[in-house]
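Letters A, B, ... are given to chains in the order of the sequence lines, protein chains preceding strands, and every chain is numbered from 1. Basis for what follows: all heavy atoms, side chains included, without hydrogens, waters or symmetry-related copies.
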Number of protein chains: 4
Amino acid sequence: MSVLLHPMRKNAAAAKKDKEAVIFRAALKTITEKGFHKARMSDIAREAGISYGLVYHYFNNKEDLFDAILNRWWDGLFGLLADVSEGDYDVRQKLRHIIDYFLETYQSEPEMVNIFITEISRSTTNLTSHRLDYFKKSMTLTEAVIAEGQKRKVLRTDIKARYLTYMFLGAVETFLSTMVLVDQKIKGDAQKERIAKSILKVFLNGAKEQKINKKSEIRGRKSPVSDMKLC
Amino acid sequence: MSVLLHPMRKNAAAAKKDKEAVIFRAALKTITEKGFHKARMSDIAREAGISYGLVYHYFNNKEDLFDAILNRWWDGLFGLLADVSEGDYDVRQKLRHIIDYFLETYQSEPEMVNIFITEISRSTTNLTSHRLDYFKKSMTLTEAVIAEGQKRKVLRTDIKARYLTYMFLGAVETFLSTMVLVDQKIKGDAQKERIAKSILKVFLNGAKEQKINKKSEIRGRKSPVSDMKLC
Amino acid sequence: MSVLLHPMRKNAAAAKKDKEAVIFRAALKTITEKGFHKARMSDIAREAGISYGLVYHYFNNKEDLFDAILNRWWDGLFGLLADVSEGDYDVRQKLRHIIDYFLETYQSEPEMVNIFITEISRSTTNLTSHRLDYFKKSMTLTEAVIAEGQKRKVLRTDIKARYLTYMFLGAVETFLSTMVLVDQKIKGDAQKERIAKSILKVFLNGAKEQKINKKSEIRGRKSPVSDMKLC
Amino acid sequence: MSVLLHPMRKNAAAAKKDKEAVIFRAALKTITEKGFHKARMSDIAREAGISYGLVYHYFNNKEDLFDAILNRWWDGLFGLLADVSEGDYDVRQKLRHIIDYFLETYQSEPEMVNIFITEISRSTTNLTSHRLDYFKKSMTLTEAVIAEGQKRKVLRTDIKARYLTYMFLGAVETFLSTMVLVDQKIKGDAQKERIAKSILKVFLNGAKEQKINKKSEIRGRKSPVSDMKLC
DNA sequence: TATGAATGAGGGTTCATTCAT
DNA sequence: AATGAATGAACCCTCATTCAT
């Protein structure tokens, strides 16, 4: 169908998408603030600046609206994980990309990250089996990266890949959820860098005081700061 | 007043406590299954095998019943944290005790842990300022252990104590919440041991393959890191 | 049945009456404070210092307890009205006795008067046909006094006796209900006298400035104060 | 915005007002019949011929609906009292206007008058401090009229203005509440005239047989009291 | 598309009453 | 006579969803 022949169609479709996006954003914000259960359809409509009857024109019901949000999250995450696993990165870079995805999404769409963590990642409440499947898939894909790291001797093998995955994602999520809890935004890319490095550092090198470094420091004047470059 | 003289009194009091406990358990189970919001007082009553109104004989309202559960959790956790900070333990032992508390509570009362994680730790929905205070207190107490570790040079100091705390608790929580999510129970103390050690190992020594150590081992220089095997 | 033979019976009966009276008083107080609907049986029991199950030992149910209160009021009022109509009083004295009964009962049992006014006299809410009968009877008995006054040419006849009755009782009740409203007690017999006289004065002589008196004053040096003696 | 261009707008607004009025009437009727406490929101909805939830579309809750009724009453009464105090009337005319307001409102909206008397004027049960303020204001405004009468020597000064106010309003209210109680409607303006005159007559001139007047009439001396017939 | 009036199932809570002890 | 645990019907209110306009 030619756009030239039916310019209104395109505009109409675009308008539809626009309005859908407006509702989507409103839902994101409202659900973040109140949680899925306490967020009322009328709250979302008011936030979107439309009548609440109209929400049902674009989304069948509240659950569907919720799933639309989740799908956006999953689409993004699965896209990233696909890029990562297909791309030519070493394991550390892959993990860093995953961390970056969480942090960057939190920067650009903090509500989405919040909803993922509070309503899905840590809640059995809204967990339909359909939604659980997505969750398990994301776990499995991340685990593949971890397992690859073990295979390539970048990650220790004396702990199950699944356990390492729990800890890796746990560190990322806790960081984000605590920032959400205290309503702290990531201030600029510099802070993002620092957080990403910290997570990766602790996960990869551990929290233990690296006495080895001190020795090397003594021997090679390597300062603890230089150590950070390793991350 | 002698118990011998008033045996019924004692039984009555005991019966009262018993019934309260029955309702408490039912609430634990129901809230775990459905979440606080979807858990109906009638569900809890049915689960407890009592009439609807009787729940209100023992608990003022749903919110109070919820707080009773949370208080039990916080009482246990704060008790443990007090024991830990007062006790004569090194930092690693202290962290291990904290991990053990989570794991053991999950073994004995998985619902309690689940409710803590899903409804409080990762949700702003039910977070009254009163409840947030408890949460912050637990963070601060754990951070004190972490900070002590930094002071004693057991933990790295180039990352803020608060950040390390997030990661430590995050790892523990993710472990537990994922087990909750897939409804996996801890099978015996052996598995508990393995999980606790894994968490501690990764947190303290990092997930990275410790090539440095191997070298130093080869060279015959026993680095402190080599005692990793003890974990 | 001889009291000597069954002394305990008497004591038991007396005790029963005592406990009944305690509950009665508690009901009076509670219903006055909260109104019949908002007064809970448990409130009454707590006020009486007994368990709430016991209330049902002495009164079948809440309605019966309420009726017991009303009956006490009606018994007193009908007793007074009987005394008044049988006694050798002129109409003014009879009306004065009625006023006194209200005021004195308000002095000794303000709650009873309050309940009568708020729950019965001015409320269709609690009015069963059975209760309405009592109300009508009291109206009719008072009207008889008024009608007698008209017959004896003490009261004007150009207004229906029933209308005069409304106004007479209306003045009394408004006085009392307003005192109840502002929680004002009658301070001593002197104030009671003044109120009783005021009501009677206005009812009998009217609120209008008594210019006639001024004339008589002029003629006979009768002061306005002396006019009060007429009431 | 032209009404011609948007006729539906006007109709919609009108419809909204209509429905609100329907609910208002239903509430009036139901509360009159059952009292505020026993009146159920479902009763009101059924009486209005609408669904349960719709009541909450127009009124926030039961209290608000109740207050809407009271406000209508107070608005009318305060409007009348303002007119009266500003208008060029003598005191008797002012009192007559007040009486008329009660009687006419009872004719046109008997339920409103009933609710005022039973739920507010004579009941502490529903009396919030906010509502008590209105009540006191109406007392004060009426007292001002009475006090003016005393100042102009139309009303006796040996009784406190407040006491006279109690008696005046008491007479009016008792009349109305008793009519409500026996479900008696005012039959036509003639009866209204008679009642109004009776109340005013008794309040101003008293219930006593006016022998004095007759004498003065006989003597040919037209006293002010003789114009009583005008009442 | 767009509105918001209309519906009604269902939830938390109250409390009169019963009953086992 | 006395207790208070136990019951459950009813109430107020919420809010997702439908539908007439």
Side-chain angles (χ1 to χ4, degrees), chain A residues 12 15-16 19 37-46 48-65, chain B residues 8-9 11-13 15-16 18-20 37-45 48-65, chain C residues 12 15-16 19 37-46 48-65, chain D residues 7-9 11-13 15-16 18-20 23 37-45 48-65:
Chain A
K16 182 178 165 74
K19 188 71 58 121
H37 263 101
K38 284 186 181 164
R40 285 165 295 170
M41 289 299 261
S42 61
D43 292 331
I44 294 170
R46 195 184 319 110
I50 58 166
S51 76
Y52 54 91
L54 194 55
V55 177
Y56 286 86
H57 217 80
Y58 294 92
F59 298 92
N60 285 323
N61 53 41
K62 202 181 169 187
E63 289 286 309
D64 275 17
L65 183 49
Chain B
M8 298 318 282
R9 276 292 168 85
N11 290 353
K16 184 178 166 70
D18 283 356
K19 191 65 60 103
E20 222 176 87
H37 260 100
K38 281 188 181 161
R40 304 299 159 211
M41 288 301 261
S42 59
D43 294 332
I44 294 171
I50 58 168
S51 77
Y52 194 93
L54 193 56
V55 179
Y56 287 88
H57 198 79
Y58 292 92
F59 297 92
N60 286 324
N61 51 44
K62 200 183 170 188
E63 206 72 9
D64 273 20
L65 183 48
Chain C
K16 182 178 166 74
K19 189 70 57 120
H37 263 101
K38 285 185 180 165
R40 283 165 297 170
M41 290 300 260
S42 60
D43 292 331
I44 294 171
R46 194 184 321 111
I50 58 167
S51 76
Y52 55 89
L54 195 54
V55 177
Y56 286 86
H57 217 81
Y58 293 92
F59 298 92
N60 286 323
N61 52 41
K62 202 181 170 188
E63 289 285 309
D64 274 18
L65 183 50
Chain D
M8 299 317 282
R9 278 290 169 85
N11 290 353
K16 183 177 165 73
D18 283 356
K19 192 64 61 102
E20 221 176 89
I23 297 170
H37 261 100
K38 279 187 181 162
R40 306 295 160 214
M41 288 301 260
S42 59
D43 295 330
I44 294 171
I50 58 168
S51 78
Y52 191 91
L54 193 56
V55 179
Y56 288 87
H57 197 79
Y58 292 93
F59 298 92
N60 286 323
N61 51 44
K62 203 182 167 188
E63 286 291 301
D64 274 19
L65 182 49

Notebook entry, point to check: Of all residues at least two apart in sequence or in a different chain, which pass the side-chain hydrogen bond (donor to acceptor under 3.5 Å, both in side chains) check with A:N60?
Noted result: A:D64
Item checked: Nearest non-hydrogen partners of D:A45 and D:S51, listed with the distance -> CB-O, 3.8 Å
Notebook entry, point to check: So, for C:N61 and C:Y56, which heavy atoms are closest and what is the spacing to 0.1 Å?
Noted result: CA-CE2, 3.9 Å
Next item on the list: With rounding to the nearest 0.5 Å, note down the distance linking NZ in C:K62 to CG in C:L65.
Entry: 9.0 Å
Margin query: Could you work out, with side-chain hydrogen bond (donor to acceptor under 3.5 Å, both in side chains) as the rule, every residue matching A:R40, not counting sequence neighbours?
Written below: A:D43
Next item on the list: Please state how far atom CD1 in B:I44 lies from atom P in E:dG11, giving the value in whole angstrom units.
Entry: 12 Å
Item checked: Interatomic distance where CG belongs to C:D43 and C1' belongs to E:dC15 [whole Å] -> 10 Å
Item checked: Separation of F:dA5 P from B:E20 CD (nearest whole Å) -> 10 Å
Notebook entry, point to check: What residues, two or more places apart in sequence or in another chain, satisfy side-chain contact (heavy atoms from CB on, under 4.5 Å) together with D:H57?
Noted result: A:Y52, D:L54
Checklist line | Pairing string, 5' to 3', for DNA chain E - Watson-Crick or wobble contacts under 3.5 Å, brackets [ ] where pairs cross, | to another strand | finding: .||||||||||||||||||||
Next item on the list: Enter the distance from B:Y58:OH to B:I50:CD1 here, rounded to the nearest 0.5 Å.
Entry: 7.5 Å
Checklist line | Contact state string [nucleotides 7-13 of chain F, B base, S sugar-phosphate only, - no protein heavy atom under 4.0 Å] | finding: BB--SBB
Next item on the list: Rounded to the nearest angstrom, tell me the gap between atom CZ in A:F59 and atom C1' in E:dT1.
Entry: 15 Å
Next item on the list: For the pair B:K38 (side chain) and A:H37 (backbone), establish whether a donor and an acceptor sit closer than 3.5 Å, ignoring hydrogens and angles.
Entry: no
